[in-house]
Amino acid sequence: MRQQGSNGLRGVHVGSCHAWPLPADATCATVARRVFRDAVSGVGLEPGLLDDCVLMASELAANTLHARAVAGTGGGGDRLVSVAPDMGGEPISTAGPATYGAATPADAVTSLDPVTLLDTVTSLETVARPVPGCPELWLYLRGPGIRRELVCKIFDGYRGWRHGSAPSVARVPATAVAGRGLQIVHELSGGRWGHHLTRARLDGWGLRGKAVWFAVPAPLAHARLVDDVTGPRAYTPSAGVTATRANERLSAPQVARELEAMLAERGFRGRMVRVDQPASDMSALSVCRGLTVWCRSGVVSLATPEGVRERWNYADLVEAAEQTVRRYEELELSLDLAAAEA
């Protein structure tokens, strides 16, 4: 995973997630617009689509201020609700704001404290110096070739929502409950957006919260424009294909170690168990009871306690790691809900 501050903004590369801290004040949306536009200059988005994406990033960044304000007054941010799938293959979910520090592994929880409000966070002095609990902007590419997407996610350290329950993707255009900002995102992304539980990338220990995201097609990411002898122009694969082929040559133990390192950065250090079988080119990474990542034959698969298996190729390790974090947080949420109902 690749993390960046306000310097060196340009470039979103296959196989890396770029993350920037955002100020926790009224300048949040302005900074998000500038960071996004500069960072995706090489992704190959058409000018009109780029403008739409800049606006969506701005709206999602502004949305974090609502979450902070509500959690600070004990509003919707301290309520637990269930998890439901969204239209983009990722779940939409919400819960009360998480506390600082890494969570107890799901299979080791015997009792849970009530969900409490986050401590007051010191104001962010500069975008290049992240403060725990401040919003983050993430950008990465997922999917191969013509199916590649640019994914933008805005993280905040509050798992709750302004009105106590998660906005419904299907109902956003018809209701104001989610706010004008999410209606804009819904329309401009063609419904390709959602939200899910996750953990911070820049705080160093995996602050728990949520991410709201949108995705747009980026099939020309890292393509190279060339001139044919007769004059027509065509895009030929370059860095994207190179990165994909390089990842395909990795062994299963190498991939498992990379995933383990990615998850360690999100607060799972010392909580995972990895087993490698180099002779059969297979590795397993146990995150908690029932949640295991398997690496074999160029494919990463995630097995959940419900028996669900999600799969990605080796070039999509960023997405595989993010969905593993999401699944873990959902499992923790289900334990929180069970404890609250007991």
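Numbers here simply count residues along the sequence, with the first being 1. All values below come from the heavy atoms of this structure, side chains included, with hydrogens, waters and symmetry mates left out.
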Quick check: closest heavy atoms across V318 and C17, and the distance to 0.1 Å?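 Where V318 meets C17 most closely, the heavy atoms are CG1-CB, 3.7 Å.
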
hydrophobic_cluster_shared for V287 and W294, side chain cutoff 4.5 Å: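 Unlinked, W294 and V287 end up in two clusters.
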
Would you say Q183 and H186 make side-chain contact, with heavy atoms under 4.5 Å?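 Answer no - side chains too far apart.
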
Do L60 and L137 pass the side-chain contact (heavy atoms from CB on, under 4.5 Å) test, and can you show the C-alpha distance, the side-chain angles, and the key distance before you say yes or no? CA-CA 9 Å; L60 293 188; L137 187 153; over 6 Å; no

Count I, L, V, M, F, W, Y as connected when their side-chain heavy atoms are under 4.5 Å apart, and connections chain through other members. Are L50 and V12 then in the same cluster?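 Hydrophobic grouping puts L50 with V12.
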
Please list, chain by chain and in numerical order, all residues satisfying side chain to side chain contact (heavy atoms under 4.5 Å, CB included) with Q254, sequence neighbours excluded.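 Per chain and number, Q254 pairs via side chain to side chain contact (heavy atoms under 4.5 Å, CB included) with L250, S251, R257.
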
Would the distance check show the side chain of R148 and the main-chain N or O of A218 forming a donor-acceptor pair, the cut-off being under 3.5 Å?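 Looks like no, no N/O pair under 3.5 Å.
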
Going from NZ on K210 to CG on D156, what distance comes out if it is rounded to the nearest 0.5 angstrom?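 Output value for this atom pair is 3.5 Å.
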
For R309 and S301, run side-chain hydrogen bond (donor to acceptor under 3.5 Å, both in side chains): C-alpha distance rounded to whole Å, both residues' side-chain angles, the deciding distance at 0.1 Å, then the answer. CA-CA 6 Å; R309 275 190 178 269; S301 62; 3.1 Å; yes

Contacts of type side-chain hydrogen bond (donor to acceptor under 3.5 Å, both in side chains), residue R33, not counting sequence neighbours: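 Partners of R33 by the side-chain hydrogen bond (donor to acceptor under 3.5 Å, both in side chains) criterion, ordered by chain and then number, come out as T30, S58.
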
Indicate, with yes or no, if W312 and M282 share a hydrophobic cluster defined by side-chain heavy-atom contacts under 4.5 Å among Ile, Leu, Val, Met, Phe, Trp and Tyr.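 No, because M282 and W312 fall into different hydrophobic clusters, even though each may have its own neighbours under 4.5 Å.
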
Heavy-atom side-chain contact between L259 and C295 under 4.5 Å: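 Yes, at least one pair of side-chain atoms sits under 4.5 Å.
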
Does L139 form a side-chain contact (heavy atoms from CB on, under 4.5 Å) with W20? I'd like the steps, not just the answer. CA-CA 9 Å; L139 291 172; W20 294 265; 3.6 Å; yes

Please name all residues satisfying side-chain hydrogen bond (donor to acceptor under 3.5 Å, both in side chains) with S286, sequence neighbours left out, ordered by chain then number.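 So S286 forms no side-chain hydrogen bond (donor to acceptor under 3.5 Å, both in side chains) with any residue.
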
Show, in sequence, the C-alpha distance, side-chain angles and deciding distance for L150 and F36, and conclude whether the side-chain contact (heavy atoms from CB on, under 4.5 Å) test is met. CA-CA 11 Å; L150 172 67; F36 187 98; 3.9 Å; yes

Which residues satisfy the salt bridge (Lys or Arg N to Asp or Glu O under 4.0 Å) test with D281, sequence neighbours excluded?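 Counting only residues at least two positions away or on another chain, D281 forms no salt bridge (Lys or Arg N to Asp or Glu O under 4.0 Å).
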
With sequence neighbours left out, what residues match R296 under salt bridge (Lys or Arg N to Asp or Glu O under 4.0 Å)?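 Here no residue qualifies.
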
For a 4.5 angstrom cut-off between non-hydrogen side-chain atoms, does L22 reach T27?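 Counting from C-beta outward, L22 and T27 never come under 4.5 Å.
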
Only distances under 3.5 Å count here; give the side-chain donor-acceptor pairs of residues 273-280 to other protein atoms, sequence neighbours excluded, each with its distance to 0.1 Å.
from	atom 1	to	atom 2	distance (Å)
R274	NE	D276	OD1	3.3
R274	NE	D276	OD2	3.0
R274	NH1	E260	OE1	2.4
R274	NH2	D276	OD2	3.2
D276	OD1	S283	OG	2.7
Q277	OE1	S280	OG	3.3
S280	OG	Q277	O	3.3

Specify the closest pair of heavy atoms between A284 and T292, including all atoms of both residues, with the distance to one decimal.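 Shortest heavy-atom separation between A284 and T292 comes out as CB-CG2, 4.3 Å.
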
So if I apply the side-chain contact (heavy atoms from CB on, under 4.5 Å) rule between M56 and each of D51, I154, V185, which one comes out positive?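 Among D51, I154, V185, the one that satisfies the side-chain contact (heavy atoms from CB on, under 4.5 Å) with M56 is V185.
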
Any link between L317 and V299 through a network of hydrophobic side chains (Ile, Leu, Val, Met, Phe, Trp, Tyr) touching at under 4.5 Å?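 The answer is no; the residues belong to distinct hydrophobic clusters.
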
In Å and rounded to the nearest 0.5 Å, what is the CZ to OG1 distance from R326 to T198?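 One finds 10.0 Å between CZ of R326 and OG1 of T198.
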
Can you list everything that forms a side-chain hydrogen bond (donor to acceptor under 3.5 Å, both in side chains) with T304? Sequence neighbours excluded, please.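 T304: side-chain hydrogen bond (donor to acceptor under 3.5 Å, both in side chains) contacts with E306.
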
Between R201 and E322 (salt bridge meaning N to carboxylate O under 4.0 Å), is one present in this structure?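 The answer is yes: the pair qualifies as a salt bridge.
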
Which atoms form the tightest heavy-atom contact between A320 and V300, and what is the distance?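 Heavy atoms only, the tightest pair is CB-CG1, 4.0 Å.
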
Tell me whether R159 is salt-bridged to D336, with the criterion being a basic N under 4.0 Å from an acidic carboxylate O.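 Between D336 and R159 there is a salt bridge, with a charged N closer than 4.0 Å to a carboxylate O.
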
Would you say that Y140 contacts S16 through its side chain, given a criterion of any heavy-atom pair below 4.5 Å between the two side chains?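 No, side chains not in contact.
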
Results of salt bridge (Lys or Arg N to Asp or Glu O under 4.0 Å) for E149 - residues two or more places apart only: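 Partners of E149 by the salt bridge (Lys or Arg N to Asp or Glu O under 4.0 Å) criterion, ordered by chain and then number, come out as R142, R192.
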
Under a single-linkage definition using a 4.5 Å side-chain heavy-atom cutoff for Ile, Leu, Val, Met, Phe, Trp and Tyr, are V54 and I184 assigned to the same hydrophobic cluster?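 Same cluster.
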
Can you name the residues that form a side chain to side chain contact (heavy atoms under 4.5 Å, CB included) with S297, not counting sequence neighbours?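 If we apply the side chain to side chain contact (heavy atoms under 4.5 Å, CB included) test to S297, skipping adjacent residues, there are no hits.
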
Is the shortest side-chain heavy-atom distance between L197 and L333 below 4.5 Å?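 Counting from C-beta outward, L197 and L333 do come under 4.5 Å.
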
Residues which pass side-chain hydrogen bond (donor to acceptor under 3.5 Å, both in side chains) with D52, listed by chain and number, not counting sequence neighbours: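 For D52 there are no side-chain hydrogen bond (donor to acceptor under 3.5 Å, both in side chains) partners, ignoring immediate neighbours.
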
Quick one: does D316's side chain have a donor or acceptor within less than 3.5 Å of a partner on E319's backbone?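 Not a single qualifying donor-acceptor pair exists.
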
Is there a side-chain contact between E258 and M262, using heavy atoms and a 4.5 Å cut-off?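 Of all side-chain heavy-atom pairs linking M262 with E258, at least one is under 4.5 Å.
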
Please report the closest heavy-atom contact between P217 and L49, naming both atoms and the distance.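 For P217 and L49, the tightest heavy-atom pair comes out as O-CD2, 4.1 Å.
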
Which atom names give the shortest non-hydrogen contact between T64 and C28, and what distance separates them?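 Nearest pair, atom of T64 first, then C28: OG1-SG, 3.9 Å.
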
Could R199 and F268 be counted as a cation-pi pair, given that NZ or CZ must be under 6.0 Å from the ring centre and within 45° of the axis?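 R199 over F268 ring: yes.
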
Applying side-chain contact (heavy atoms from CB on, under 4.5 Å), run through K153 and F214 and close with a yes or a no. CA-CA 7 Å; K153 296 190 178 187; F214 68 86; over 6 Å; no

Considering residues at least two apart in sequence or located in another chain, which fulfil the side chain to side chain contact (heavy atoms under 4.5 Å, CB included) criterion with A264?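 In terms of side chain to side chain contact (heavy atoms under 4.5 Å, CB included), with neighbours along the sequence ignored, A264 is linked to R269, M272.
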
State which residues pass side chain to side chain contact (heavy atoms under 4.5 Å, CB included) with R147; sequence neighbours excluded, sorted by chain then number.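 For R147, the residues satisfying side chain to side chain contact (heavy atoms under 4.5 Å, CB included) (neighbours in sequence not counted) are P144.
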
Minimum heavy-atom separation for C53 and L45, please, with both atom names.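 That closest heavy-atom pairing would be SG-CD1, 4.2 Å.
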
Does the distance from a Lys or Arg side-chain N to an Asp or Glu carboxylate O, for E332 and R327, drop under 4.0 Å?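 Judged by the 4.0 Å cut-off on N to carboxylate O distance, E332 and R327 do not form a salt bridge.
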
Assess R266 against W138: is NZ or CZ under 6.0 Å from the centre of the six-membered ring, and within 45 degrees of the ring's axis?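 So R266 does make the cation-pi contact.
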
